[in-house]
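All figures in this text were calculated on a predicted structure; none of them were measured in a lab. No hydrogens, no waters, no symmetry mates; every other heavy atom, side chains included, goes into these values. Protein chains get the first letters and strands the later ones, always in sequence-line order, with residue 1 at the start of each.
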There are 2 protein chains.
Amino acid sequence: MSTITIKDIARALNISTSTVSRALRGSYEINQETKELVLEYAERLNYRPNPIALSLKENRSRAIGVIVPQIANYFFSQAINGIEAIAYNRGYHVIIFQSQESYEREAANMQQAMDRKVDGLLISLSSETSDVSHLRALQEQGLPIVQFDRVSHELDTTRIVADNFGGAFAATEHLIKAGRQRIAHLTIPPWLSITKERLAGYRAALEQYGIPYDETLVRYGTFGQNETGPMVDELLALPSPPDAFFTASDRLALGCLASLHQRRIAIPDDVSLIGFTNLNAADLLNPALSTVVQPAQEIGQIAVERLIELIEKKQKAAPPSTVKIPTRLIVRESTRSVVHS
Amino acid sequence: MSTITIKDIARALNISTSTVSRALRGSYEINQETKELVLEYAERLNYRPNPIALSLKENRSRAIGVIVPQIANYFFSQAINGIEAIAYNRGYHVIIFQSQESYEREAANMQQAMDRKVDGLLISLSSETSDVSHLRALQEQGLPIVQFDRVSHELDTTRIVADNFGGAFAATEHLIKAGRQRIAHLTIPPWLSITKERLAGYRAALEQYGIPYDETLVRYGTFGQNETGPMVDELLALPSPPDAFFTASDRLALGCLASLHQRRIAIPDDVSLIGFTNLNAADLLNPALSTVVQPAQEIGQIAVERLIELIEKKQKAAPPSTVKIPTRLIVRESTRSVVHS
DNA sequence: TTGTACGCGTTATCAG
DNA sequence: CTGATAACGCGTACAA
């Protein structure tokens, strides 16, 4: 009794279900009187069409699948924030999947998303994923897919990413201009697209300012816990230790910050530190820390907009392309004297 | 052709759909031979049952609706992390809704969740929500509901919350024992359950140590941007300004930290600062900042476990009760000399 | 303008 | 042991 169907209305009004259906969706060929009657009654009983029945019939769900490595990662939770907001306004629901950085789980998630008949898929690849044939298979079955942040160029989809090269270049340049010469780079697994781009930006800046690239200054992390301590120790033990750190994520930036504090290294007196972070995360960061801000929310919004475009105008699939969203460099010097007052 | 149904199998094997259905679900009354034939064929063609058809038939969706004020809030993204992990293992999907701290939107989300026929609802109330009759209505229609974190005691459901009183007491006591006497409390809207509990813990600690309660030291924020600056200014302008700050969220803690830095107030030399934060957020915090850690992930996990219990054993609905998860006080003194080296 | 019948994928019921 | 049929809620081609 709690859920009222088109059938109940038909029975109550002594008309057929098809008439009710047509009235409800405002079909032109229908008696004004009947129409109003139906609408009024439906309104009164708070009739709500059953989307599941519709899904079954139309073989679509008005749901978008989102697969991310980890929700509890500030970048992704912000991206999802952007995604959900837009999707909601466009009448889509968001079903979240976490790959937990596991290829296997990512594949399982994709299968489940398919089973659920999502209308489209937004995905940021797990760090374990190098083979994208499972994704390609879905795509070939006609599932609209948009990649964001951690993307593969072996898969021909629209890709929405931050300007990782530009951001890394700006960060490195900033450190160089601050007089640093031995800039360490703490980053994430080397095979990820975003890692490569950031590394390239870092190297380009070094090159432009005539500083030799020293690969011993570059350290690759996993997404594990407490990994910065050993990295920092190793770097400090070098014959010629770093005088600055450029980290590739907020997690690494803060881990590095904490490690340096524990080792009684002052920032920015002994070393400088700058990290890749996210827009709101920047608020959360130590005010002494300069950051390269990634517009996570914007990336999510644009990704979902593109995806909905693909879903709704299948006829003219926009040619796959890579969209780079600019990053922003936030320099905080003002607090320097305070922190070390 | 991409999706294979029970019908396809039946046609291919020249048997009826009912036989296929029975074979697939291992019905006892069925020929071993036929069974194997069907299973083998289904396996080979990678048959996957259509959950939407099942939903329509069984009037359930194996999906859990989760309504939170904001995904991009570290507490909630961690809670969702816990929720998703458990739900996934139990075969449920998670559909996310953001109320964006709006009552109206929360109500709309609930309606949509109902429309989608979620099997149960996990909710943390928006800051605008005081009237819970919309929730009560759903509950009376038989929808299993579990509240977490921001709960209403006017709604008779299982509630999973952090031990806000205990955490606030511990934080305040810690500050008192560090010699502080004028402890400001920056908190969130006063009508929220969690606000009241934290305030009560704060007052209880003051009382226990014979410090008079001064309401001018308590400031209530909204969830807006950049609200700590004015709060801190007002407090510092008091005839007898605070010598410590206890903040009710990571956002307020960091906002406060930044504001104090800007005003050249040293921590912990001039004032002490302690905040309510979340387990992983603690990593992100300034290493100089002590915190009361809320186990966000655990709260999510327990909430969803309870919900699934309710969903699956409707017969014996566990009596509604409030579960308090302990918080943990993390004191970081070691970094003090470093920050001010 | 309205009603009848069918199909979307699946399972339960009832015959055989 | 297996098959035909109805039902879940909806929209629509076709018939009236």
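- Other residues, nucleotides and ligands contribute at most 12 non-hydrogen atoms within 6.0 Å of the CD atom of A:Glu43.
- In the set D:dG3, C:dT1, C:dG9, the nucleotide with an atom closest to the side chain of B:Ala53 is C:dG9.
- There is a side-chain donor-acceptor pair under 3.5 Å between B:Thr19 and B:Ser16.
- Sequence order on DNA chain C of the closest nucleotides to B:Arg22 and B:Arg48 puts B:Arg48 first from the 5' end.
- Each of B:Thr34 and A:Leu54 lies near DNA chain D, and the nucleotide nearest B:Thr34 is the one positioned closer to the 5' end.
- Listed pair B:Ser16 / D:dT2 fails the phosphate criterion, with no side-chain N or O lying under 4.0 Å from OP1 or OP2.
- In this structure, A:Tyr47 does not reach the D:dG9 phosphate: none of its side-chain N or O atoms is under 4.0 Å from OP1 or OP2.
- Under the 4.5 Å side-chain criterion, counting only non-hydrogen atoms from C-beta, B:Ile145 is in contact with B:Leu135.
- Separating the CD1 atom of B:Ile9 from the C1' atom of C:dT10 is a distance of 12 Å, rounded to the nearest angstrom.
- Heavy atoms from other residues, nucleotides or ligands lying under 6.0 Å from CD of B:Glu58 number more than 12.
- Residue-to-nucleotide proximity on DNA chain D shows that, of B:Leu56 and B:Val20, the 5′-proximal contact is made by B:Val20.
- Proximity note for A:Ile6 (side chain, C-beta onward) versus D:dC8, D:dG11, D:dT2: the nearest is D:dG11.
- Proximity note for B:Thr19 (side chain, C-beta onward) versus C:dG3, D:dG3, C:dT10: the nearest is D:dG3.
- When rounded to the nearest whole Å, the span between CZ of A:Arg60 and P of D:dG11 equals 12 Å.
- For the pair B:Arg150 and B:Phe76, the NZ or CZ position fails the cation-pi test of under 6.0 Å to the six-membered ring centre and within 45 degrees of the ring normal.
- B:Ser18 contributes a side-chain N or O that forms a donor-acceptor pair with the base of D:dA4 under 3.5 Å.
- Taking the ring axis of B:Phe97 as reference, the NZ or CZ atom of B:Arg116 does not stay both within 45° of it and closer than 6.0 Å to the ring centre.
- The residue A:Ile15 sits close only to the backbone: its heavy atoms come under 4.0 Å of sugar-phosphate atoms, none of a base.
- Straight-line distance from the NZ atom of B:Lys57 to the P atom of C:dT11: 9 Å, rounded to whole Å.
- Put simply, CD on B:Gln32 is 11 Å from P on D:dT2, counting in whole angstrom units.
- No contact: A:Thr17 has no heavy atom under 4.0 Å from any strand.
- Nucleotide C:dT4 holds its P atom 11 Å from the CG atom of A:Asn14, rounded to whole Å.
- Between the CG atom of A:Asp8 and the C1' atom of D:dG9 there is a distance of 10 Å, given to the nearest Å.
- Look at CG on B:Asn50: it is 13 Å from C1' on D:dC8, rounded to the nearest Å.
- Proximity note for A:Arg25 (side chain, C-beta onward) versus D:dC10, D:dT12, C:dG9: the nearest is D:dT12.
- Contact annotation: A:Lys7 side-chain N/O to D:dC8 OP1/OP2 distance is under 4.0 Å.
- A:Ile52 has its CD1 atom 15 Å from the C1' atom of D:dA7, to the nearest Å.
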